[in-house]
Enquirer: 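Have a look at the structure that comes next, please.
Since this is a predicted model, take the numbers as computed values, not measurements. Note on naming: letters A, B, ... go to the chains in the order of the sequence lines (proteins, then strands), and numbering restarts at 1 for each one.
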Number of protein chains: 2
Amino acid sequence: MAVTIKDVAAAAGVSQSTVSRALSMPELVSPVTRARVQAAARRLGYEPNRAARGLITGRTANLGLVVPDLANPLFAAVVKGVQAAARAADYSVFIADTDEDASAEPGLLRALAKQVDGIVLCSPRSPDAELTEAGTDTPVVLMNRQVAGYPAVTVDNADGMRQAVEHLAALGHRRVCYVAGPRSSWSNGQREQGLRATAEAVGVDLVHLGHFPPRFDGGVAAADLALASGASAVVAYNDIVALGLLSRLGARGVAVPDRISVLGCDDIPMSAMTHPALTTVAVPQHEAGRAAVAMLLALLSDAGPTAPQRELATQLVVRATTGVAPDPAALTDRRADRSR
Amino acid sequence: MAVTIKDVAAAAGVSQSTVSRALSMPELVSPVTRARVQAAARRLGYEPNRAARGLITGRTANLGLVVPDLANPLFAAVVKGVQAAARAADYSVFIADTDEDASAEPGLLRALAKQVDGIVLCSPRSPDAELTEAGTDTPVVLMNRQVAGYPAVTVDNADGMRQAVEHLAALGHRRVCYVAGPRSSWSNGQREQGLRATAEAVGVDLVHLGHFPPRFDGGVAAADLALASGASAVVAYNDIVALGLLSRLGARGVAVPDRISVLGCDDIPMSAMTHPALTTVAVPQHEAGRAAVAMLLALLSDAGPTAPQRELATQLVVRATTGVAPDPAALTDRRADRSR
DNA sequence: GTGAAAGCGCTAACAA
DNA sequence: TTGTTAGCGCTTTCAC
């Protein structure tokens with residue numbers, strides 16, 4: 001059996017309550033006994049039993065994190081951020097991977113809610129209804145998504161797209177196509193909106209393609225359409241899709257960025273490893289994870305605003321897949337060739 | 001407050017003990033009361049408080065998982081496997097990411113040990129000593145590594161390398177170089193050994209390069225050396241390194257597999273997404289995660305063998321980066337050119 | 001087959 | 001400042 005508070009009390013010659021106080025609220029106990037208790041605790045290697053403590057305080061010192069897919073590097077970054085912040089605050093974190101199965105979510109949420117003080121919910125696509133339905137009294141912070149009445153941390157997707165379009169416009173692109181992600185994705189909606197607004201503002205034609213699954217094969221499937229759209233640049237819903245695009249374009253012998261520029265979103269590690277390296281919009285998921293935990297912790301102590309919101313900045317990262325727009329004449333010729 | 005066993009007892013008109021029994025050991029209670037209790041429990045949405053239960057049973061129904069880096073797709077697969085198996089057995093899992101910092105491990109392990117029934121430890125590089133030092137009485141299962149006296153699940157690295165070398169030999173390669181991973185990595189040791197044995201058996205020259213960090217830039221750094229080694233094929237410690245190799249080779253305009261073949265290990269998702277797609281040795285990390293949990297659970301119930309071992313098969317996946325060996329004369333010429 | 005009571009390890013009133 | 005007591009929600013003897 002592990003060493004309990006009783007053992008420490010006996011060793012230090014004080015009562016259990018004194019041990020408890022000496023360790024949790026040291027200022028309430030005289031310096032001399034405090035020292036004696038702490039020495040005994042250290043000597044015996046005492047660590048309070050969190051379950052027992054939780055039973056009485058109602059706090060578990062655990063946080064829950066729900067992600068759709070741990071194998072997705074984007075969510076891996078979130079997890080690391082959440083972990084780091086949680087550990088710093090002496091919280092442990094339960095992670096639940098829904099395997100992209102939104103229907104499993106309510107059950108998971110309910111199960112989690114019992115054993116944690118708060119939950120970070122990263123479920124880009126499950127319908128809002130499920131959230132409220134699952135309605136536990138455990139505080140929940142949403143990631144990458146806003147639902148009325150819920151605290152959330154998001155990134156400024158629209159501004160990221162603004163940077164992207166302005167970058168392309170500055171390179172002379174006049175016709176840009178967007179390979180859309182899932183219709184139900186909140187981020188996708190934000191991105192479309194930012195794209196549309198900026199395209200109009202800078203006088204760029206925007207061609208909307210999709211929706212495509214947010215995966216490599218989604219990009220593969222979209223590549224030929226993008227090429228045929230007459231656009232000289234394509235913005236993908238995310239980096240994985242952009243990678244698929246690049247792959248198919250490469251297989252067809254289409255030069256990137258000479259013939260067509262490609263731009264992703266998220267800045268997953270892989271983006272810097274392709275050849276040519278992918279220009280993309282970095283979304284600070286690690287920081288977002290940390291912010292979500294901070295928000296949760298704040299919610300747990302003082303209530304503060306009922307549903308705080310935090311939006312993090314995005315940042316264009318220019319690499320090698322975007323370049324000066326090709327001569328429109330050359331493009332037109334090509335298309336003419338093709339239609340012959 | 002959540003609904004407790006007391007509420008259910010009141011609702012069903014029985015004692016707490018009967019509720020407890022009806023739910024945990026249904027055969028000990030009469031069918032009619034059992035039904036009544038279960039109905040009440042369901043109606044009230046009762047879920048037992050795991051902490052309270054754990055306090056008395058000594059079981060937490062939690063498992064711990066320590067990985068060096070969640071952003072590494074290999075470990076992501078492990079996590080998913082562990083999760084799946086744990087959830088099936090109604091266990092939750094705490095995940096701790098050491099951020100590749102082996103020195104943080106003992107502390108993490110101790111902290112984890114308090115709140116879980118068993119730990120899956122995935123720490124390829126930390127010295128054996130730390131393990132035994134951390135020596136908790138919580139059962140630990142090692143992944144991808146064997147240490148005397150510890151249960152472990154591993155993959156057959158050596159056999160994977162056998163398949164790799166035989167594949168290359170069959171393609172006519174006579175000189176193969178290995179870009180080694182970290183010296184302290186158990187897997188790397190196994191791979192080197194398998195490589196050496198098979199190379200000798202099939203009459204292939206083996207050139208040992210490295211050790212390199214098991215990252216993309218490790219591969220980038222190794223590429224020129226590999227090319228200069230006179231080998232017509234290069235086997236990388238893992239896929240990420242192979243990707244780095246591919247990148248640098250591509251930047252230098254070296255044709256893969258025409259000039260040189262490249263072979264990775266692990267079969268991470270990215271391997272299928274490169275162009276050309278990477279030939280690699282698949283290691284079943286998802287299954288390994290599940291196996292580790294199964295082992296842990298077995299350890300928890302009946303003791304069984306003190307330190308069970310389980311080794312999973314690896315499987316060569318042939319894609320596009322390995323091809324017929326170039327004419328040796330061509331290679332020689334090239335090198336002659338260069339030395340001029 | 002069921003209930004009463006004890007107690008897991010801890011903290012929080014309440015006394016002293 | 002410290003000790004005593006009660007009790008968190010649950011399981012498990014031990015009676016009945």
Enquirer: Find the distance A:R36:CZ to D:dT1:P and express it as a whole number of Å.
Expert: 15 Å
Enquirer: OP1, OP2 of C:dG1 versus side-chain N and O of B:S30: anything below 4.0 Å?
Expert: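 Checking B:S30 against C:dG1: no side-chain N or O falls below 4.0 Å of OP1 or OP2.
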Enquirer: Taking CG from B:L28 and P from D:dT13, how many angstroms apart are they, rounded to a whole number?
Expert: 12 Å
Enquirer: Whether the B:S17 and B:S20 side chains hold a donor-acceptor pair (N or O, under 3.5 Å, no angle test) is what I'd like checked.
Expert: no
Enquirer: Please tell me which of the listed nucleotides, C:dT2, D:dG3, D:dC10, lies nearest to the side chain of B:T18?
Expert: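 Comparing C:dT2, D:dG3, D:dC10 against the side chain of B:T18, the answer is C:dT2.
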Enquirer: Measure from the side-chain heavy atoms of B:R21 and tell me the nearest of D:dC10, D:dT13, C:dC10.
Expert: D:dT13
Enquirer: Would you indicate which nucleotide in D:dC10, C:dG9, D:dT2 comes nearest to any side-chain atom of A:V29?
Expert: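 Closest nucleotide among those given: D:dT2.
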Enquirer: Whole-Å distance between C:dG7 C1' and A:L55 CG?
Expert: 12 Å
Enquirer: Would you check if there is a donor-acceptor pair between the side chains of B:Q309 and B:T154 at a distance under 3.5 Å?
Expert: no
Enquirer: Can you tell me which nucleotide in C:dT11, D:dT11, C:dG9 comes closest to the side chain of B:R53?
Expert: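 Looking only at side-chain atoms, B:R53 lies closest to D:dT11.
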Enquirer: Any side-chain N or O of A:T4 below 4.0 angstrom from OP1/OP2 of C:dG9?
Expert: no
Enquirer: Stepwise, does the side chain to side chain contact (heavy atoms under 4.5 Å, CB included) test hold for B:L121 with B:V67?
Expert: CA-CA 7 Å; B:L121 182 55; B:V67 291; over 6 Å; no
Enquirer: Once you apply a heavy-atom cut-off of 4.0 Å, does B:S17 come out as touching a base, just sugar-phosphate, or nothing?
Expert: base
Enquirer: Once you round it to whole Å, what is the distance between C1' of C:dA12 and CZ of A:R59?
Expert: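 Nearest whole value for this atom pair: 15 Å.
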Enquirer: Which nucleotide sits closest to the side chain of A:T33: D:dT4, D:dC10, D:dT1?
Expert: D:dT1
Enquirer: I need the B:T98 OG1 to B:D69 CG distance, nearest 0.5 Å.
Expert: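 The distance works out to 8.0 Å.
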Enquirer: Figure out the OH/C1' separation between A:Y46 and C:dG9, and round it to whole Å.
Expert: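 Distance check: A:Y46 OH to C:dG9 C1' gives 7 Å.
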Enquirer: Taking the side chain of B:M25 as heavy atoms from C-beta outward, which of D:dC8, D:dT12, D:dT2 is closest to it?
Expert: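 Among D:dC8, D:dT12, D:dT2, the one nearest the side chain of B:M25 is D:dT12.
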Enquirer: Check this one for me: any side-chain N or O of B:S24 less than 4.0 Å away from OP1 or OP2 of D:dT11?
Expert: yes
Enquirer: Pairing donors with acceptors under 3.5 angstrom, does anything connect the side chains of B:S187 and B:N144?
Expert: no
Enquirer: Once you round it to whole Å, what is the distance between C1' of D:dG9 and CZ of B:R50?
Expert: 15 Å
Enquirer: Round to a whole Å and report the spacing from CD1 of A:I5 to P of C:dA12.
Expert: 11 Å
Enquirer: Among D:dT4, D:dC10, C:dG9, which nucleotide sits nearest the side chain of B:Q16?
Expert: D:dC10
Enquirer: Which is more 5' along DNA chain C, the nucleotide nearest B:R34 or the one nearest B:I56? Just name the residue.
Expert: B:R34
Enquirer: What's the CG-P distance between A:L23 and C:dC10, to the nearest Å?
Expert: 10 Å
